[in-house]
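Atom set for the values below is all heavy atoms of this structure, side chains included, hydrogens, waters and symmetry mates excluded. Indexing begins at 1, ligand by ligand and atom by atom, following the structure's order. Note that the numbering runs from 1 along the sequence shown for the chain.
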Amino acid sequence: MFYEIADMLEIEDEKRIFEIRAYRKAALSLETMQEDVEEVFRKNGIEGLREISGVGEGLAKKIIEYIETGRMKKYEEYKKKYPIDFAGLTQIQTLGARKAFRLYKSLGIRNVDDLKKAIADHRIMELEGFGQKSEAELRKGLELIESGGGRMLLGTALPEAEAIIGKLKGSGLASRVELAGSCRRRRETVGDLDILVTSEVPGKVMDFVAGLGEVESVTLKGPTKTTVRLKIGLSCDIRVLERKSFGAGMQYFIGSKDHNVKVRQIAIKRGYKLNEYGLFDMEDRIIAAEDEETIYEKLGMQMPEPEMRENRGEIELALEHRLPRLVQLSDIRGDLHVHTLHSDGNNTLEEMVGEAGRRGLEYVGITDHSKSEYVARGMDEARFQKYSKEIDDFNEKSGSKVKVLKSAETDILKDGSLDFSNKALDEMDYVLASIHTSLNMSKDEMTKRVIKCMESGRMNIFAHPTDRLINERAPIQLDLDKVFEAARENNVVMEIDSFPNRLDLNDENIFRARKYGLKFSVDTDSHRTGHMDLLKYGVWTAKRGWLTREDVINTMPLVKLRRFFKG
Ligand code: DGT
Ligand code: CA
Ligand code: CA
Ligand code: ZN
């Protein structure tokens, strides 16, 4: 609602920029909060709400109004004036609130369905100020959100799954509870949740699930499988399995389907049969069923971690007992992409470093934005000097065990140059570079832009290389093979950005980049202390791209990492 109020305010009067920003900032805080806002209010009242970054007294009152009545007067007033589904429409990359309003004024378009029809009838290209090109862009944008196909971000689905699993475990009704499916494989988006349990009282488990606070409705309720629709807009399958075949069930329901099909073929070749009840010989005698690893073992294989089970070659390696030892969360020693109040972060340097220390990290690279990123309050040279000094002072005087590396998220400008003077770049321990502007360049131009920057020899890490936002924004056009080639030539490290809606590079591109012998950095891109919790998503994505500890530079101790950057 806050996002939409901001959109409507913007239409009404662009100049009320502070108010507009306040709504957006609060919305972003609410969206990325780990706790439930309603719970925060119940526990700590209005004071609790006011502690949320960007939420002042006025906005806190609106939140309370919504919690208590389910409505927000201000929102409804505006909505009467602008009966437009902004949230839906502005998911489209090239469609902002003002443009959406113009479409409403001239064509009566209120939502995505209306827009689809207008595009199909070519009514948009005839509009003044729109034309053929913007119609094509809108069509592309529409396709993009539709290809998301209702899949939900792992970052949204997993905490929900974990909450349900926690309640099931606490119920005392189930002896084992395990997550399966794409969520267990840590795919970046999931179609539905799959939870497996063993229980002496399956009927009671199903009743318990149907009565959970997370559940909106029950789709199907049977003695061994129940499917429920969750309030967050996701479906969830709960299966009760027999203890003696739980391992076979895990193997089957963790998937993926492609992985399973291949494993089953191997079973057949060896004269066995494999299904969700077990591994059997031709006389239907059980070979293995209770334990997942034993099933793989009897097939002459190692057991791949769930993140690898996509039939991308892991089965062949497992048969040769040559599976790589994948990087783990505990291998990560530092975070090389962190923002502070110097640009668009919400915490001080001390707070961010303190949080990193509590999480057992040994070093943090601070990377506030450069000036071209003006919406994020990027730093010019003068502000960089102050920032630089603050970091030096911190390292000298704070006595902190966690060391700070000096960097900046430096824009790669249109012409491939970096957005800081060489003098500033020289002061940095490493340069984290990324693209934030002119995202619509052609593939050829964009590729040249990036390669030129890499060839300057000043760029160390390419942050969120394709700049895609899952279900939101398509990747920039890049010839990745050429970029990876240039990265290898110029020792540029590829970043895996842990934000659940970024996870960029994605698993497939990591897999591809790995073959070029590239190194990676798994970073959080934290803008507040709580974001440091997201590191696991980056590590899972790295695992899905088959990375080992040696592939990831921020598993190195600080001394070694410094040497690496110098080299
Ligand atoms: P999703 O839900 O689209 O994100 O992806 P999954 O992998 O969670 O797929 P889902 O929920 O349809 O099924 C869960 C697992 O069950 C899947 O990973 C593998 C197994 N499975 C489902 N259907 C089949 C099938 O037809 N054949 C085989 N071998 N396994 C299947
Ligand atoms: Ca699933
Ligand atoms: Ca399922
Ligand atoms: Zn950043």
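Nearest to the Ca ion (ligand 3), among the N, O or S atoms that Asp237 has, is OD2.
Under a cut-off of 6.0 angstrom, the local environment of CZ in Phe280 is crowded, with over 12 non-hydrogen atoms contributed by other residues, nucleotides or ligands. For NZ of Lys79, the number of neighbouring non-hydrogen atoms (other residues, nucleotides, ligands) closer than 6.0 Å is greater than 12. The environment of CD in Glu316 is crowded: more than 12 heavy-atom neighbours from other residues, nucleotides or ligands sit within 6.0 Å.
Looking at Arg468, its side chain does come within 3.5 Å of a backbone N or O of Leu503 through a donor-acceptor pair.
Taking the side chain as every heavy atom from C-beta outward, Glu160 and Lys231 never approach each other to under 4.5 Å.
Between His339 and His527, the ring-plane angle classifies as parallel under the 30° and 60° cut-offs.
Protein residues with a heavy atom under 4.0 Å from ligand 1 are Arg151, Gly181, Ser182, Arg185, Val190, Gly191, Asp192, Asp194, Tyr252, Phe253, Ile254, Gly255, Ser256, Lys257, Asn260, Arg264.
Vertex the Ca ion (ligand 2); arms to Asp192 OD1 and Asp194 OD2; angle rounded to 10 degrees, 100°.
A side-chain N or O of Asp237 and one of Thr227 form a donor-acceptor pair less than 3.5 Å apart.
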